[in-house]
Amino acid sequence: MSKKDLSEREICTRFIYPALINAGWTAQQIREEVTFTKGQIMVRGKLHTRGETKRADYILYYKKNIPIAVIEAKDNNHTLGAGMQQALGYADCLQTPFVFSTNGDGFLLHDQTGLFNPNKVETELGLDQFPAPDMLWNLYQQHHGVISPEAKAIVEFPYYDDGTDRTPRYYQTNAINKTLEAIARGQDRVLLVMATGTGKTYTAFQIIWRLWKSGAKKRILFLADRNILVDQTKNNDFKPFGDKMTKITNRTVDKSYEIYLSLYQAVTGSEEEKNIYKQFSPEFFDLIVIDECHRGSAKEDSAWRDILEYFSSATHIGLTATPKETKDTSNITYFGEPVYTYTLKQGIQDGFLAPYKVIRIDIDKDLQGWRPAKGQKDRHGNEIEDRIFNLKDMDKTLVLEKRTELVARKITEYLNSTDPYAKTIVFCDNIDHAERMRQALVNLNPDKIKENRKYVMRITGDDQEGKAELDNFINPEERYPVIATTSKLMTTGVDAQTCKLIVLDQHIQSMTEFKQIIGRGTRVNEEFGKSWFTIMDFKKATELFSDPAFDGEPVVIYEPKEGEPIVPPEEKDDGEVSDDTTAEPTIFDPPTGGSDDDDTEGEPPKKFVVNNVPVKVIGERIQFYDNDGKLVTESLKDYTRQHILKDYESLDTFLRKWKGADKKSLIIEEFQKQGVIFEALEDEVGKDFDAFDLICHIAFDQPALTKKERANNVRKRNYFTKYNEQARQVLDALLDKFADQGIQPIEDVQILKVPPFNQMGSLMEIIQSFGSVEEYTKALKELGDQLYDDVS
């Protein structure tokens, strides 16, 4: 057998792997066929599927979890560089500077460091010229500025290994390694941007572990702003620190530990004696990690900043999903450009985060406005201001009780039509609004409330019983509460793995807050049936999806001039407080012209409550997140047509491909990878049609035949007579299977192992009735041609 006859996998086994071993790479440094994404979850109608995963033929590691090269292999019928563009795409994800393509004759190296061959970006190498590990690692370190022995000791120190073969996801590895490289170079302010649900805390643990164990950092402070975050961190990801770790509580300090976790409110306060962090010397900590740093760490007047300035000699690492960049506040100005960014869009496209559908509901009084009659009074006897009230007033200066009831009814209708026990968060404008929404939902769900009074709970900072149910709400094992009404308390730091519905009845004018709210639904938990979630929007908040800032790179827009004081605007929340006695910092940028709601300090705005104004829905549309990362209005037919016509400009083009295919199922699988879900199309068009007829009908307006009609047409042609009796029985049974299930199952030889085929003989006996494997394959191909013979 010549080299040209070998498969890609045989090329790898016979030529590539031996070449790597001969170059000095060990089996532990070589990983073959590495799948490093999960495949995007694509939702169509009520169904979902996963797209293609990314899989590298080889990833080479200097040490475990430190990748430095990727190799893409092709069979010998391809050129040496045929896999290069594919490999470069993988290298962009994996952040590997050395990229190889091969066909078994040699290697083409694409060097992104510019150090291997200063005269060429791409260099051809023989099979016996593959670079040794130490050579590539030295170039890697030079490229990243890791020169000194101390710096090398940091970046080479191994990850924590719990003995379970758990390895970080590729983007976590990138974040960890990029952070250590930056610190090894002497950078003392580091920003990591990672979307909600991507494992920031686990990433922080590995960073701290490697810096601590290598001796680079001896005392570490981890700051968060909610007790639940500190406790989750201490009990879960940080558990391996054991008795070297403590949580600062009761404003007491024990200086005998090495790893400290603290709620920032626990180490600072308004009175000087409460600032217990000053019991530590300014040089006590070598490293401070600030979780959710967008919540104020870069504000000159924030309590966070007091701590950071006191421990200014330490290295500071900021973690956030949403870096805050406003005219008054900038994370990037403080920390510098992110050393690594992993966005919500990337997380969804990789399949690690849940995509979303959006239901936008327009209410008449919101869009058309409402003006009271002259002298009209509200339910409390207050004369209503004579002006036109519209969306910006709803639940802030005007409460239409019928509107609250309408929103609650739409939520209830959706849950009853999908899953009445799907975890749901309803974001309201303020505590009063959250309480009114709770009452409306309770009154619309008497049966569920009778089952358990906690079916609906208000979870806000002022309500101890509601806050006590937060753990039960986020626990996948606990059914109740099902619906949580809130305003600000659940915007961030709530790991709601099984939240399937997020309702926006809140005025959101901050991109930071919007991203945080969306992040409550982005976790995937397939064990509990959570693969995607729905956003129900009543206040046009999801228009922010079309804002270029929604998922773009962080951009600094805060540039204070030298010597110029920074006077941030007052940022106030709705009166919710944290688990400690100190009020939580704000988590939103207030709209220009005033406070966000009526539960703040100072004189609240006048709020009119009206109970007799009818409201109605005047518009409703459903959109879904497509595999290009855009929200498109839901029409399965339109989506399918567009994707088919993108690949096949005419019916003739499609038919040539279909009829020429040895296996029609391969074409169907290609469409499925693009997000065409045939089961969802069957719900819209009809369940009696094969994928072929669905494609032709939707994309090319062809009349569709049912699967049964196609099977009967084949029988009428009576072409089975050329086969022996057993073969005819097999083909006839295959037609029955087609009439029931379509083309894909009958193209899989494994179907011969199930009834009625297994009653006709063993798999090999059935195939032998056609003469040979080749003859059976030929007969199956002919059967497929006969099934679609009427279309031309």
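From a predicted model like this one, the values you see are computed outputs, not experimental measurements. All values below were derived from every heavy atom in this structure, side-chain atoms included, with hydrogens, water molecules and symmetry-related copies excluded.
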Within the 3.5 Å criterion, strictly below it, is a donor on [X] or [Y] matched to an acceptor on the partner's side chain?
X: Q172; Y: Y342; answer: no
X: N472; Y: E469; answer: yes
X: E401; Y: T404; answer: no
X: D537; Y: T542; answer: yes
X: N445; Y: T412; answer: yes

Do I425 and T486 make a side-chain contact, defined as non-hydrogen atoms from C-beta onward lying under 4.5 Å apart? yes
Is there side-chain contact between V456 and I449, with heavy atoms separated by less than 4.5 Å? yes
Taking the ring of Y356 and the ring of F545, is the distance between their centroids below 6.0 Å? yes
Testing the basics here: between [X] and [Y], what is the closest heavy-atom pair and its distance to 0.1 Å?
X: Q516; Y: A321; answer: NE2-CB, 4.2 Å
X: P476; Y: T498; answer: CB-CG2, 3.8 Å
X: M245; Y: F238; answer: CE-O, 3.3 Å
X: D386; Y: P372; answer: OD1-O, 4.1 Å

Can you tell me if K500 uses its side chain to pair, donor with acceptor, with the backbone of G529 under 3.5 Å? yes
Counting N and O atoms only, with roles assigned by atom type, does the side chain of R50 sit under 3.5 Å from a partner on the main chain of Q40, one being a donor and the other an acceptor? no
Electrostatic pair [X]-[Y], nearest N-O below 4.0 angstrom:
X: K539; Y: D505; value: yes
X: D231; Y: K247; value: yes
X: K448; Y: E451; value: no
X: R436; Y: D432; value: yes
X: K377; Y: E383; value: no
X: D350; Y: K38; value: no
X: R403; Y: D395; value: yes
X: R387; Y: D393; value: yes
X: D419; Y: K423; value: no
X: E543; Y: R360; value: no

Go through the steps to decide whether Y171 and F352 satisfy the test ring-ring contact (aromatic ring centres under 6.0 Å, His included), and finish with yes or no. CA-CA 10 Å; Y171 61 83; F352 295 118; 5.4 Å; yes
Report the C-alpha distance between R458 and I431 in whole Å, list the side-chain angles of each, state the deciding distance to 0.1 Å, and finish with yes or no for side chain to side chain contact (heavy atoms under 4.5 Å, CB included). CA-CA 9 Å; R458 171 166 63 89; I431 290 172; 3.5 Å; yes
First locate atom CD of E620, then atom CG of D362, and finally report the distance between them rounded to the nearest 0.5 Å. 9.5 Å
Please report the C-alpha distance between F538 and K410 in whole Å, then the side-chain angles of each, then the deciding distance to 0.1 Å, and finally whether the side chain to side chain contact (heavy atoms under 4.5 Å, CB included) criterion is met. CA-CA 10 Å; F538 291 93; K410 296 301 291 184; 3.8 Å; yes
